[in-house]
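Chain letters run A, B, ... following the sequence lines, proteins first and then strands; every chain starts at 1.
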Amino acid sequence: MTDSSVHPTSEVAVAVELNGEHVHATIPAHRTLLDMLRDDLGLCGTKRCCAEGECGACSVLLDGELVNSCLVLGAEADGGVLLTIEGLSMDGVTDLQEEFLAAGAVQCGVCIPGQVMAAEQLLQTNPDASRDEIRDVMSGNLCRCASYQRIVEAIQTAAAGRRTDA
Amino acid sequence: MPDENQGHSSNGPVASTDRVVGQRVHRYGGVDRVTGAQRYLSDITFTDAAHVAFATVPVGCAAIDAIDTSPAVAMPGVIAVVHADDLPQPVARFGISHRDRPVIATETVNYHGEPVAAVVAETEDEARAAANAVVIHYTELNGVYGLDAALADGARLVQDPSVRPGDDLNSTNVLEQVEYAWGGVGSEGASSHTIIEDTYTFPMVTHFPIEPGGIVAAPTDDGGIEVYSPVQHPYLLQRTIAEVWSIPLSRVRVIAPDPGGGFGGKQTPRYEPLIAFLALKTGRTCRLVLSLEEAFQMMRRSGCRIHARTGFTEAGELTFHEMRVDFVVGAYADVAPRVMTKGSYVGAGPYRIPRVSINARAVLTNTVPSCAFRGFGAPQVGWATESQLDAGARALGLDSLEVRRRNLVQHDEAFIRGDYEARADGRWHESLEKAAELIGWHEPTPLGRGRGISVGIKPGATTGLSQSLVRLLYDGSAMAYAGTSDMGQGARTLWKQILADELGVDLDLITIISGDTNAVPFDLQTSASRSTVFMGNAVLAACEDIRDRVLELYAEATETPQSELAHSPGQLVTPSGAISLVEAAQTALGGLRGEFVGQGTSRLWGTKGHPLGGDAAFYEFNATAIEVEVDRATGEILLTKHVTVGDVGTEINPLQVVSQDEGAAIMGLGHSLMEQMLFDEHGRILNLGAIDYRIPTFNDVALHMQTASVENHDGPGPYGCKGISEGALLCTAGAVGAAVADAIGTPVRDLPITAERVWRTIRDANRDSPD
């Protein structure tokens with residue numbers, strides 16, 4: 001019986017800057033950042049699929065880095081700056097999200113918040129990414145509807161739009 | 001074949017030139033999906049819900065000797081621990097074609113992951129911890145995990161004969177078998193110049209929806225129950241719960257949140273009767289959220305082994321085709337017998353073959369019960385038939401495109417003969433030629449690469465019933481009630497487009513209601529790419545019903561003879577000219593306001609005696625062409641080109657057609673190149689989870705990928721459409737296999753065509769060569 005939840009667990013206090021707001025939570029020490037976001041803070045835009053770091057559905061930005069929130073403990077995020085899909089969408093649909101819709105990238109939609117987070121991070125860090133680079137960087141985010149071509153198109157169009165606006 | 005839609009002008013052109021149908025309208029619900037606001041089942045909050053976890057045993061076949069729940073009952077937060085003995089006896093069994101699946105494992109465990117006990121606790125953590133504490137004493141049995149073991153003399157029976165009373169086959173592991181034959185194979189004489197005979201295999205693969213799924217059940221004050229489940233068939237679930245627990249349909253409310261990916265895996269009830277029982281027993285709202293691993297243990301495609309013998313004339317014309325097909329269906333029937341029946345019905349492909357014999361069996365094994373999966377048996381059998389055509393072409397020194405040209409049926413020509421023949425409902429040569437053109441078939445293949453072209457066919461629904469209600473409200477907004485589950489295919493977007501054109505209502509003013517049996521009229525199911533045709537026709541008919549009613553009331557309100565009025569999409573034509581339907585509706589409704597309610601039904605009865613229950617309403621036809629580069633030192637395959645062309649009738653939303661076609665095509669790469677569920681000698685799934693089970697990623701998509709359609713407006717759905725969502729997956733494997741064989745000179749006959757298999761094939765071919 002290795003399940004940590006069988007044993008009494010200590011609780012930890014976590015303070016993060018979440019989508020621009022200071023948030024406190026007291027959570028079991030073994031709780032993942034994903035579960036903390038969904039179950040303790042009620043932010044269900046971050047989705048859970050494999051829960052072992054393979055699918056990317058739970059992608060969020062922690063201190064500016066893209067992480068699988070299922071592989072990060074809530075306690076590890078203490079003192080950090082978090083951006084989730086809710087924060088990204090705070091002022092409405094972004095140019096990137098609009099391009100996802102226009103390209104037909106959204107089908108069942110469960111992977112899409114993670115895809116948008118990964119794509120936004122890509123646009124921020126490599127705004128001139130080639131098609132091959134986009135495919136490579138995005139390959140940590142699975143889509144079983146296989147909207148891959150559509151997502152690449154959305155990222156390229158959004159990147160072109162930002163270059164024009166810049 | 002009576003069809004209540006006959007008489008409706010569903011194939012007629014729409015008068016308006018700026019119609020919304022045919023445009024790239026953005027997905028209904030799309031904004032919620034990109035912002036994370038969409039609530040899938042596990043995102044919905046239920047006040048005071050208790051949580052459920054299952055206890056299982058780590059083998060695929062076992063006798064349950066005793067269950068000690070006391071350690072679990074003593075755990076913190078535990079409300080109830082339930083196993084078979086706690087249910088009404090005998091434990092109910094359910095299923096569509098065979099009532100063989102027990103509500104919870106009873107006496108034996110028949111596949112790895114089958115729930116043996118269920119824990120209800122206050123929190124998810126407590127439920128899981130207590131499930132781990134349930135002690136299940138079991139004796140591992142000599143389970144059958146593959147075809148040979150299941151079909152061997154003296155093989156252990158997966159299902160006790162008492163589960164299949166009156167069934168001639170119940171002393172074997174063959175659940176059902178079927179034979180299709182015409183022309184008399186064996187009577188071909190010396191007409192064959194070349195005969196190809198080989199065996200092909202297709203792996204068990206799992207749906208791997210990004211939303212693994214879950215169930216919530218809540219007892220209601222009137223003795224009924226509400227069941228939340230992201231299912232494709234809410235009305236089948238409602239019926240199952242009502243029958244298993246003897247509750248009137250009116251008190252079983254199924255709420256089906258949008259499935260986060262279905263692909264056939266979320267059609268049939270599995271654990272819902274159990275969760276409903278837990279809720280009724282504890283009086284609590286009971287919530288089960290599945291892990292991806294648990295989803296692997298709930299849904300998969302049937303694996304397949306096909307032995308085929310095929311004759312060709314010197315010119316490459318087919319003289320006969322003979323197949324023996326065994327589907328590995330798993331521990332319970334689910335819809336697998338139908339997968340076997342339907343997939344093997346079109347097993348000989350869309351070809352002109354004078355003599356055919358197909359013998360197919362659905363074989364029980366102690367593995368996850370297989371279910372529907374995009375393609376529904378057609379990809380499995382088609383893999384063998386398409387590979388046989390390529391082998392014939394190679395043996396005869398003919399071009400494989402040319403061999404298909406010579407054998408593919410023309411429009412309205414029979415490709416299935418015998419008592420219940422089926423004819424081509426499309427101009428399929430156009431799709432084949434377009435695929436060849438898009439990949440540049442006539443251009444020389446670059447050095448080190450290989451090309452393959454393949455065709456696939458799948459029968460659409462053979463019976464159906466969809467009912468819809470549409471309301472035109474006073475302010476010019478409208479609502480459609482349509483029970484189709486929107487699981488990614490984008491059904492609601494299409495209903496919106498139909499309403500916009502037929503009622504002349506602004507797209508932004510339309511709301512679609514689905515996923516609640518208390519609110520939405522009956523729809524048989526969301527499967528077989530049927531909805532655009534069946535529900536589409538029902539929605540169209542409901543809109544026409546509204547126009548009739550507007551005309552009648554307008555006549556009454558304005559004292560105009562009805563004979564002087566007419567309607568057309570979006571308009572009422574009056575003696576003084578055409579006015580918008582909304583304006584006419586407001587005039588008709590007058591000061592009391594109110595609304596118009598239209599009803600539409602689309603029904604296909606089927607044909608008695610037909611092996612499929614009726615001829616398909618339409619066929620999905622696809623041609624796929626693929627080019628690969630193979631690294632001969634490692635066996636690794638690089639997809640350089642991938643094109644598919646579907647015979648779609650009419651594209652109601654071209655954006656969604658591309659999304660579905662690309663998605664199906666890439667999903668087809670999964671079983672072709674990388675996906676397979678592997679079992680050990682205890683029947684345990686070895687690659688249980690995302691780390692060990694690989695599905696296509698961004699990097700697996702071909703360097704150049706293109707999907708296209710042929711539109712001849714010749715389908716039975718609105719504006720001449722056909723269903724489209726499975727086509728591009730039907731013949732991916734055949735095209736990949738042919739391309740790899742073209743590149744390395746030798747075919748691989750077992751899917752998936754992994755680098756290891758390619759490397760071994762090259763090595764073995766070199767070993768056999770004279771030098």
Point to revise | Under 3.5 Å donor-acceptor, A:R48 side chain and B:S42 backbone | key: no

Exercise for review: Specify which of A:C55, A:A102, A:A57 makes the most heavy-atom pairs with chain B at under 4.5 Å.
Suggested key: A:A102

Point to revise | Shortest non-hydrogen contact between A:R135 and B:A702, atoms and distance | key: NH1-O, 3.4 Å

Exercise for review: Report the option among B:I210, B:T45, B:I666, B:V658 that has the most heavy-atom pairs separated by less than 4.5 Å from atoms of chain A.
Suggested key: B:I210

Exercise for review: Check whether any side-chain N or O of A:Q97 sits under 3.5 Å from a backbone N or O of B:V34 as a donor-acceptor pair, and report yes or no.
Suggested key: yes

Review point. Taking B:R27 for the side chain and A:A105 for the main chain, is one N or O donor matched with an acceptor at less than 3.5 Å?
Key: no

**Study point:** Choice from A:S139, A:G140, A:C111, A:C143 maximising heavy atom contacts with chain B below 4.5 Å
**Key:** A:S139

Exercise for review: Please look at A:A103 and chain B and tell me whether the side chain, the backbone, both or neither of the residue comes under 4.5 angstrom of a heavy atom of that chain.
Suggested key: backbone

Check your understanding: So what's closer than 4.5 Å to chain B heavy atoms on A:R150: side chain, backbone, both or neither?
Key -> both

Check your understanding: Can you tell which of B:L703, B:N653, B:I44 has the highest number of heavy-atom pairs within less than 4.5 Å of chain A?
Key -> B:L703

Exercise for review: Applying side chain to side chain contact (heavy atoms under 4.5 Å, CB included) between B:F698 and each of A:I134, A:I151, A:L142, report the one that passes.
Suggested key: A:I151

Check your understanding: Under 4.5 Å between any side-chain heavy atoms of B:R33 and A:Q107, yes or no?
Key -> no

Check your understanding: Which bit of B:M705 comes within less than 4.5 Å of chain A, counting heavy atoms only: side chain, backbone, both or neither?
Key -> both

Review point. Quick one: CD on B:E293 to CD on A:E52, what's the gap to the nearest 0.5 Å?
Key: 5.0 Å

Check your understanding: Can any side-chain N or O of B:Y40 pair as donor or acceptor with the backbone N or O of A:K47 at less than 3.5 Å?
Key -> no

Revision key, fill the gap. Note: vs chain B, highest number of non-hydrogen pairs under 4.5 angstrom among A:L96, A:V106, A:D39, A:T94 is A:V106

Check your understanding: Hey, what do you get for CD1 (B:I691) to SG (A:C50), rounding to the nearest 0.5 Å?
Key -> 7.5 Å

Review point. Do any N or O atoms from the side chain of B:S659 and from the backbone of A:G104 form a donor-acceptor pair under 3.5 angstrom?
Key: yes

**Study point:** For the student: nearest non-hydrogen atoms of B:T35 and A:V93, plus distance
**Key:** CG2-CG2, 4.2 Å

Review point. For chain B, which of A:G109, A:C49, A:G45 has the most heavy-atom pairs under 4.5 Å?
Key: A:C49

Point to revise | Atom pair CD (B:E124) and CG (A:D35), whose distance is rounded to the nearest 0.5 Å | key: 7.5 Å

Check your understanding: So which of A:P113, A:G53, A:A146, A:S147 has the largest heavy-atom pair count under 4.5 angstrom toward chain B?
Key -> A:A146

Study note, to complete from the structure: Correct closest heavy-atom pair for A:D136 and B:N699 would be OD1-ND2, 3.0 Å

Practice item. Give the member of B:L292, B:V25, B:D43, B:V701 that has the highest number of heavy-atom pairs under 4.5 Å with chain A. Key: B:D43

Study note, to complete from the structure: Distance col, row A:L101:CG vs B:H26:NE2, nearest 0.5 angstrom, shows 6.5 Å

Check your understanding: Which answer fits A:A51, side chain, backbone, both or neither, if we ask what part of it has an atom under 4.5 Å from a heavy atom of chain B?
Key -> neither

Review point. Who passes side chain to side chain contact (heavy atoms under 4.5 Å, CB included) against B:D68, sequence neighbours left out?
Key: B:S70, B:P71, B:V135

Check your understanding: Taking only residues two or more places apart in sequence or in another chain, which ones pass side chain to side chain contact (heavy atoms under 4.5 Å, CB included) with B:A127?
Key -> B:H51, B:A53, B:A121

**Study point:** Carboxylate-amine/guanidinium proximity below 4.0 Å for A:R144 and B:E675
**Key:** yes

Practice item. Go through the steps to decide whether B:D125 and A:R31 satisfy the test side chain to side chain contact (heavy atoms under 4.5 Å, CB included), and finish with yes or no. Key: CA-CA 10 Å; B:D125 280 354; A:R31 184 150 296 171; 3.6 Å; yes

Review point. What distance separates B:Q489 CD from A:C145 SG, expressed to the nearest 0.5 Å?
Key: 9.5 Å

